[in-house]
Amino acid sequence: GDLSVLAVQFSRDGEFLVTVQKNIDHHMTIWDWRNKAVLYRDKTVKGPAADGVPMIFGISWNNHVRELPEKEALKYDFCTYGVKGLQFWRLPKQPKEGVVRYQRKKFSKPEAVESVPASGNIPSLSHHLCAAWLDNGDCVSGTAKGEIFVWRDTKYLWHNQAHKMALTVLTLRANNQVLLSGSSNATIIEWNVQGDTPVPISRRVIPTPYVGSKPPGIKALDCYPGSDIYV
C-alpha cells in the first residue's frame, strides 16, 4: 500500500475525488468516493518518495464552467503541479465501455514546451508550488523562483518575476477579477486578471513579529466573499 497521501481535491460537482499518493511513481487516483471505488489510476512522475522529497506538491481543479458547450467539452479538468512542471488532465464527457480515462498533457521535458520565453527560462525546469484556474480557462502557476506563469490551452502564454522568493500560494477572489499571490517572504500581490495577462494592482508586506525576526512565510490565503478582506 501507499505510505501516505500528498494531495486531495474534490471535482467541481463533488462526484469525484482526486488524490496523489506518496510512492515512487506518485500515483494520481480518481475515486468514486461515495462507492469507495477506484475509477482510474496513473503514474504522474517517478522520483523520491517515502523518505525523500515528493515530486508532486498538489492538485488544482478547474471549477469554472465554460459558457459554450463545445468549449466546456475541451477544457482540462485539473492539473497536478510539482518538481519541474505541470501535468494537465481532462476527463472525457462520455467514457467508452464504462471506463474513465484521462487525457494528459505534460510539461516535464524542455522540448514539450512551446513559445519558450526569450530569457531562456524554460517553464518545465521550474518547480511549480501552486496553481489556480481563471474563469476564462487559463491556468496560473507559481514557482520556487517567485515567478508567476499563465498557461492557455496547456501552452505557455506569459510569465513575470512576481516575488523575490518562492511563490507559495495563489487564490482567486469570488468575483473572478482579482488573483492573490503570496510568497515565502511575507509578500502578497493582488493581480487584475480581467485582461489577457495579469496586471499587478497592489503589493503588501506583512510586518515581522519583532525586530530582527525573519518575515513570516505565507502558506495559505483565503478571501471573504463580497469584501476586500483576506486571511
Side-chain angles (χ1 to χ4, degrees), residues 6-7 20 22 26 44-49 52-60 62 76 78-89 105-134 138-172 178-193 195-208 213-222 230:
L6 295 172
V20 174
K22 187 177 181 180
H26 297 77
T44 56
V45 60
K46 197 177 187 67
V53 177
M55 303 289 282
I56 298 293
F57 304 144
I59 305 162
S60 180
N62 182 0
Y76 280 78
F78 66 93
C79 71
T80 52
Y81 52 87
V83 174
K84 296 185 179 180
L86 300 166
Q87 293 185 3
F88 295 94
W89 304 79
K105 180 77 173 184
K106 296 194 297 182
F107 291 101
S108 56
K109 297 181 180 179
E111 57 267 26
V113 180
E114 298 181 12
S115 304
V116 174
S119 64
N121 182 15
I122 300 175
S124 64
L125 298 183
S126 300
H127 294 353
H128 292 257
L129 306 181
C130 55
W133 295 82
L134 307 183
D138 290 351
C139 182
V140 183
S141 62
T143 75
K145 297 178 181 178
E147 303 155 314
I148 185 170
F149 279 86
V150 176
W151 308 84
R152 181 166 295 169
D153 296 327
T154 74
K155 295 181 176 64
Y156 166 83
L157 177 69
W158 172 90
H159 87 294
N160 179 275
Q161 185 65 53
H163 295 268
K164 293 181 179 179
M165 296 183 68
L167 199 167
T168 52
V169 60
L170 289 163
T171 300
L172 183 66
V178 176
L179 179 74
L180 301 178
S181 64
S183 73
S184 59
N185 67 335
T187 303
I188 299 172
I189 301 176
E190 288 188 295
W191 303 82
N192 183 330
V193 291
D196 195 51
T197 58
V199 176
I201 53 179
S202 73
R203 179 186 294 264
R204 179 184 179 186
V205 179
I206 299 175
T208 56
S213 64
K214 294 182 179 180
I218 300 171
K219 294 296 182 67
L221 281 171
D222 202 3
Y230 57 81

Could I get the full list of salt bridge (Lys or Arg N to Asp or Glu O under 4.0 Å) partners for R152, not counting sequence neighbours?
->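 For R152, the residues satisfying salt bridge (Lys or Arg N to Asp or Glu O under 4.0 Å) (neighbours in sequence not counted) are D138, D196.
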
For the student: nearest non-hydrogen atoms of [X] and [Y], plus distance:
| X | Y | result |
| --- | --- | --- |
| S184 | M165 | OG-CB, 3.3 Å |
| C139 | A131 | SG-CB, 4.3 Å |
| H26 | I56 | CD2-N, 3.7 Å |
| L179 | A132 | CD1-CB, 4.3 Å |
| F57 | V83 | CZ-CG2, 3.6 Å |
| K145 | Q161 | O-NE2, 2.7 Å |

query = Which pairs pass salt bridge (charged side-chain N to carboxylate O under 4.0 Å, His left out) with one or both residues in residues 180-192, sequence neighbours excluded?
reply =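 Of all non-adjacent pairs touching residues 180-192, those that pass salt bridge (charged side-chain N to carboxylate O under 4.0 Å, His left out) are R173-E190.
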
Sorted by chain and number, sequence neighbours left out, side chain to side chain contact (heavy atoms under 4.5 Å, CB included) with T171 holds for V169, L221, C223

By side chain to side chain contact (heavy atoms under 4.5 Å, CB included), S181 pairs with (sequence neighbours left out) H163, L167, L170, I189, W191

Is any side-chain heavy atom of Y156 closer than 4.5 Å to a side-chain heavy atom of W151?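 Yes - at least one pair of side-chain heavy atoms lies under 4.5 Å apart.
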
| said: Between H128 (side chain only) and L86 (backbone N and O only), is there a donor and an acceptor less than 3.5 Å apart? | reply: no

Taking T187 for its side chain and V205 for its backbone only, find out whether a donor-acceptor pair lies under 3.5 Å. no

Measure the spacing between [atom1] of [X] and [atom2] of [Y] and express it to the nearest 0.5 Å.
| X | Y | atom1 | atom2 | answer |
| --- | --- | --- | --- | --- |
| L129 | K219 | CG | NZ | 10.0 Å |
| D153 | F88 | CG | CZ | 10.0 Å |
| S202 | L180 | OG | CG | 8.0 Å |
| T208 | N185 | OG1 | CG | 12.0 Å |

For T80, the side chain to side chain donor-acceptor pair (under 3.5 Å) test, sequence neighbours excluded, returns W89

Next item on the list: List the steps, then state whether side chain to side chain contact (heavy atoms under 4.5 Å, CB included) holds for V140 with L172.
Entry: CA-CA 10 Å; V140 183; L172 183 66; over 6 Å; no

